[in-house]
Structure formats: structure tokens, C-alpha cells
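Here the structure is a predicted model, which means the values were calculated and not measured.
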Amino acid sequence: MLFLVAALLLMGIMLGTAAHLPVPVTLIAATVISGWLLVFFLRERRHKTEVTSR
């Protein structure tokens, strides 16, 4: 949960500064954040399936 909060905070900061950054930098940052959230989602989903199978 802490990772999700940190990711959302980072995304909010990046969206606020996106107007001041070049487009390629903004796209790279968005890709990194999206990848981080995807990894978090997959880990949480795997953890839930392991817990329910026990």
C-alpha cells in the first residue's frame, strides 16, 4: 500500500511539472511510473491467489 501511495504522489508531482519538462522526459517518467504500478498490481494479485489457495 505504501508503494501505491508513493507512486501516486510521484505521479502527481510529475503531472504538476509536466508543463515544464520536455515531452520525451515526461513520456519516460510516465512509462516508469506505469511499469512500477503494473509490477505492484501483479505482485498483489499473485499474493492474493496464494493466500486464497491455502
Side-chain angles (χ1 to χ4, degrees):
M1 187 66 183
L2 182 60
F3 291 118
L4 183 59
V5 172
L8 290 173
L9 178 66
L10 184 59
M11 187 174 66
I13 292 169
M14 291 305 294
L15 286 174
T17 60
H20 305 288
L21 293 174
V23 174
V25 174
T26 304
L27 293 176
I28 290 170
T31 304
V32 169
I33 293 170
S34 298
W36 183 14
L37 288 173
L38 180 64
V39 168
F40 176 77
F41 168 75
L42 294 174
R43 288 181 60 191
E44 286 294 313
R45 185 173 178 184
R46 189 181 72 187
H47 177 69
K48 284 183 183 179
T49 57
E50 288 177 359
V51 170
T52 57
S53 65
R54 290 182 184 181

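Of all the heavy atoms in A7 and L37, the pair that sits closest is CB-CD2, 3.6 Å.
The side-chain heavy atoms of W36 and L10, taken from C-beta on, include a pair separated by under 4.5 Å. Between V25 and P22, some side-chain heavy-atom pair lies under the 4.5 Å cut-off.
With rounding to the nearest 0.5 angstrom, the CZ atom of F3 is 10.0 Å from the CD atom of E44. Taking CG of L21 as the reference point, atom CD1 of I28 lies at 11.0 Å (rounded to 0.5 Å). How far CG of L8 is from CD1 of I33: 9.5 Å, rounded to the nearest 0.5 Å. Here CG of L2 is found 9.0 Å from CZ of F40. Values are rounded to the nearest 0.5 Å.
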